[in-house]
Amino acid sequence: MGFGKGHHLHLIDGSAFIFRAYHALPPLTRKSDGLPVGAVSGFCNMLQRYVDGNTGSNAPTHVAVIFDKGSHTFRNEIYDQYKANRDAMPEDLRPQIPLTRRATEAFNIACEEMEGFEADDMIATLAVNARAAGGRCTIISSDKDLMQLVGDGVEMFDAMKNVTIDTEGVEAKFGVGPERVVDVQALAGDSVDNVPGAPGIGVKTAALLINEYGSLEELLDRAEEIKQPKRRQTLVEFADQIRLSKRLVQLDCETPLTFTLDDLEVRDPDPDKLMSFLAEMEFRTLTKRIADKLDVEAPAIAEPEPTAVDAPSMPDLKDAVYDAVGSAEDLQSWIDRIYARGWVAVDTETTSLNEMQADLVGISLCVEPGHACYIPLAHKAGGDDLFGSEERSEGQMDFDEALKLLKPVLEDPSVLKIGQNMKYDAKIFSHYDITVAPIDDTMLLSYALHAGLHNHSMDALSERYLGHTPIPIKSLLGTGKSAITFDRVPVDKAVPYAAEDADVTLRLWHLFKPLLHQKQVTTVYETLERPLVPVLAQMERNGIKVDRDTLSRMSNAFSQKMAALEDEIHELAGGSFNVGSPKQLGEILFDRLELPGGKKGKTGAYGTGADILEDLATEHEMPRRVLDWRQLSKLKSTYTDALQDHINQYTGRVHTSYSIAGANTGRLASTDPNLQNIPIRTEEGRRIREAFVADEGNLLVSLDYSQIELRILAHIADIPALKKAFKDGIDIHAMTASEMFDVALEDMTPDVRRKAKAINFGVIYGISGFGLARNLRIPREEAQGFIDRYFERFPGIRAYMDDTIAFAKEREYVQTLFGRKINTPEINAKGPHAGFARRAAINAPIQGTAADVIRRAMIRMPDAIKDLPAKMLLQVHDELIFEVPEDAVDETVKIVRDVMETASEPVVKLDVPLTVDAGQGKSWAEAH
DNA sequence: GACATCACG
DNA sequence: GACGTACGTGATGTCC
């Protein structure tokens, strides 16, 4: 019986799968010969996931993967610029294309392509045929060009987002139904495919017009009736171009297919064929996983000749054996194993994520992948009541005895301790007088290797590199208010969770460690990441003294001022509302008071950001009051109130936590609380810093790099004028202004200097005329003129930007002067992503090099100040803060300044001096 | 949990 | 009238 009623056709957009697979994965190569196979691997994973998801009523009766073939189609005949702006296919993707065809066949799924026809047209023809025959059709794709096909039994499915796109979905996207999508696309054009459309008309406007006139033809026929003169002129003038665009976006439903729907009937997998293909590609994990699913033997994949440190073949995580250790004898046998091996993965379980108030609950160890243990030490016995009992649960060995046995191993210089985020575990152990060393950290390995590609949490890494989802902690602790602490988790539940973490960590280490050399980031890891762990741990333990009374007084003062402002605002608004709600405020300002300039964002709410209110404040009273209220509200909630909650009850100090692998560029990030964004720019906010004080008899000393990013830019981009100015110690912004605006340095006005300063920063951020215009509140043309002039005066800047972008496009990463790699996977993407990626790529080497410099200074600091009573407390990107007894301040400043100013050496000798400004005082307000 | 807003370098 | 727009972060409040 032929395809018809009751049948369901699935059409997979093959090119979209390939593209996503390629960009989602690191450039994986086949071990035996280096053939790039990352995209093939991702493609197979996606196909497998697709097959797994085909259950129940949505299961297809017919299925095919449709590919593009050849680049020349009828669209190029009618418009030679069609898709002309596409970049060439990346070199390492090209050889993978035929392999994805073979992969599809290996999965025993029909694989169709036709020379000279786009996949989209084949999909259109098949979908229309399926509908005509009375069947259903689901197109697995999120490509908007296919949305015109939706309706009447045809729908789309976005496999990445796991959402179905039906008629309503299309309407949400285009503002018109599927049957009018081509009309809207013809008007709006498409930068990705280089479809011209009508200049100045986007999807929104296009939908508006089509809805008003009913169809594109009608609209073009009656174009003269359009009220807006500009629009009318555009439509009349570009009518031919719009008609051409429609022919380009209209899919051809009459592709002369060389096969029929019946050829696409779903076939059972052929295990032999599939296994041999996967084995040929050397996809070890995937082969194993699919073999299990099909219940067949996984073929052996030959290991290439072993190198010095190579990952052992690791047993499946499902077969892992996890022991509970309950006695000294058990523990000793694990310790023996550790000494025999020379390394061990360690993980601690505690009562809190905050290391300062976390108590140790248990420890897990893993020496060989697939065999790990958990040593429960402080689990409480479960009770029937909600809170459980305070009694220690049975079967746990003595807490002190366990630590006494473990201390020698953890401190043994010949045994490597491997952890995921070791700073945390090291701090926990330090509470029990154990100094864990030497260490490796899988989070930092991943950061050195993969910054910019993904985050480096264990869950993310396990998912991505082991194809395994670890047991979620939430499944043990619950969430929200009813969440329990780990000591309340029954031991039998804790063992598989905790031991698995150590197992996963060790597996990741085996994978990542050999890659350091391959990717040439060993030095980065060993000199910029790993040594920072003990330094930051010490700083976090030090904490900084914060005076509660000062904060509390300020908090009260803020409350009163806010209440007064609130009354005035309500008065001006003509009624009470929540000033803290941007939504309500927007409606009051722009609907009720009908102030000008109301602009709704993508969520349909009015924007009420500071820049918008600032503009309104010149004409009206209320926006200024709201701005003042907002400032106080921010200061109170984020600083004077929240900071008090972070004062540790035992130390009286605030202990932040630095994340080493948070920011892609190499910068640190500070959390719980964030001490890198304490106010300073306004007088009122700056006073918060008065609450950060030195301990009795001490002073706070702050040393910060002056203009470090601009200096690095001058060096990297090799700009003689900038370099000279820094060497001569001239005010850099004034110098820039003088160069650009032909004003002598003596005659410099603050306003001209301000503009130059904005441009200098703009350059570091990957300047655009639009951005500078907005920042300086000047016309865009004027801003663009400034930029042009800047490039004219400092041609090296342009060259640096172009070179950096070219490098990034070629290698998909950029580098700092110290070899840190920041991956830029989006750099070759099309559409709005591309602009972001370009600017980030320009900024990353500059911001990243500055981050590397201060990291180097921090790593050298403990040794440099070891004979001084000074303590390093905080880092704020280009600033270090110390607490020093008064009589040692001068000596400390001298030594710290020297370490900071020479931090790049001897690896990098900068062409510009790095200079450091120093300040001191009882409080941070005085010191900075 | 998404979004808007705003604090810092 | 707008593809979209300065880089990198984290915390808070509202609203669904």
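Model, not experiment: these values are computed from the prediction. Convention: sequence-line order gives letters A, B, ...; per-chain numbering from 1.
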Distance between the P atoms of B:dA4 and C:dG4, in whole angstroms? 13 Å
Separation of the C1' atoms in C:dG1 and C:dT5, to the nearest angstrom: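 It works out to 16 Å between them.
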Six-ring centre of A:Phe558, A:Lys636 cation under 6.0 angstrom, axis tolerance 45°: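 Ring-cation test returns no.
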Test the A:Arg798-A:Tyr800 pair against the cation-pi criterion, namely NZ or CZ under 6.0 angstrom from the six-membered ring centroid and within 45° of the ring axis.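 No, cation not above the ring by the 6.0 Å, 45° rule.
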Given C:dG1, C:dT5, C:dT9, identify the nucleotide with an atom nearest to the side chain of A:Gln228. C:dG1
Between C:dT12, C:dG10, C:dG8, which nucleotide has the shortest distance from any of its atoms to the side chain of A:Ala840? C:dG8
Partner residues of A:Glu529 under the side chain to side chain donor-acceptor pair (under 3.5 Å) criterion, sequence neighbours left out: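 Testing A:Glu529 for side chain to side chain donor-acceptor pair (under 3.5 Å), a comparison that skips the adjacent residues, returns A:Arg820, A:Arg855.
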How many Å lie between [atom1] on [X] and [atom2] on [N], as a whole number?
X: A:Leu209; N: C:dG1; atom1: CG; atom2: P; value: 11 Å
X: A:Phe770; N: C:dC3; atom1: CZ; atom2: P; value: 11 Å
X: A:Asp193; N: C:dC3; atom1: CG; atom2: P; value: 17 Å
X: A:His646; N: C:dA11; atom1: NE2; atom2: P; value: 7 Å
X: A:Gln185; N: C:dC3; atom1: CD; atom2: P; value: 15 Å
X: A:Leu187; N: C:dC3; atom1: CG; atom2: C1'; value: 15 Å
X: A:Arg838; N: C:dG4; atom1: CZ; atom2: P; value: 16 Å
X: A:Ile842; N: C:dT5; atom1: CD1; atom2: C1'; value: 12 Å

Upstream residue (5' side of DNA chain C) when A:Arg231 and A:Ser768 are each assigned their closest nucleotide: A:Arg231
Along DNA chain C (nearest heavy atom to each residue), the more 5'-positioned of A:Lys204 and A:Gly769: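 Its nearest nucleotide being more 5', the pick is A:Lys204.
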So does [Y] get a backbone contact from the side chain of [X], meaning a donor-acceptor N/O pair under 3.5 Å?
X: A:Arg789; Y: A:Met740; value: yes
X: A:His877; Y: A:Ala851; value: no
X: A:His456; Y: A:His454; value: yes

Looking at every strand, decide which applies to [X] at a 4.0 Å heavy-atom threshold: base, sugar-phosphate, or nothing.
X: A:Ser191; value: nothing
X: A:Ala850; value: nothing
X: A:Lys636; value: nothing
X: A:Ile767; value: base
X: A:Gly766; value: nothing
X: A:Arg686; value: nothing
X: A:Ser633; value: nothing
X: A:Ala773; value: nothing
X: A:Asn578; value: sugar-phosphate

Looking at A:Thr665, does any N or O in its side chain come under 4.0 Å of the phosphate oxygens OP1/OP2 on C:dT9? no
Kindly say whether the aromatic ring centers of A:Phe786 and A:Tyr790 come within a distance under 6.0 Å.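 Ring centres of A:Tyr790 and A:Phe786 not closer than 6.0 Å.
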Expected string for nucleotides 3-9 of chain B under the B/S/- scheme (protein heavy atoms, under 4.0 Å, primed atoms plus P, OP1, OP2 as sugar-phosphate) is SSSBBBB
Between CG of A:Asn674 and CG of A:Asn677, what distance do you get to the nearest 0.5 Å?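 Answer rounded to 0.5 Å: 4.0 Å.
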Scan every strand shown for a Watson-Crick or G-U wobble partner of C:dC3, both distances under 3.5 Å, and answer none if you come up empty.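 Base partner found: none.
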Neighbour count above 12 (heavy atom, 6.0 Å) for A:Lys204 NZ: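 Not buried by this count: 12 neighbours or fewer within 6.0 Å.
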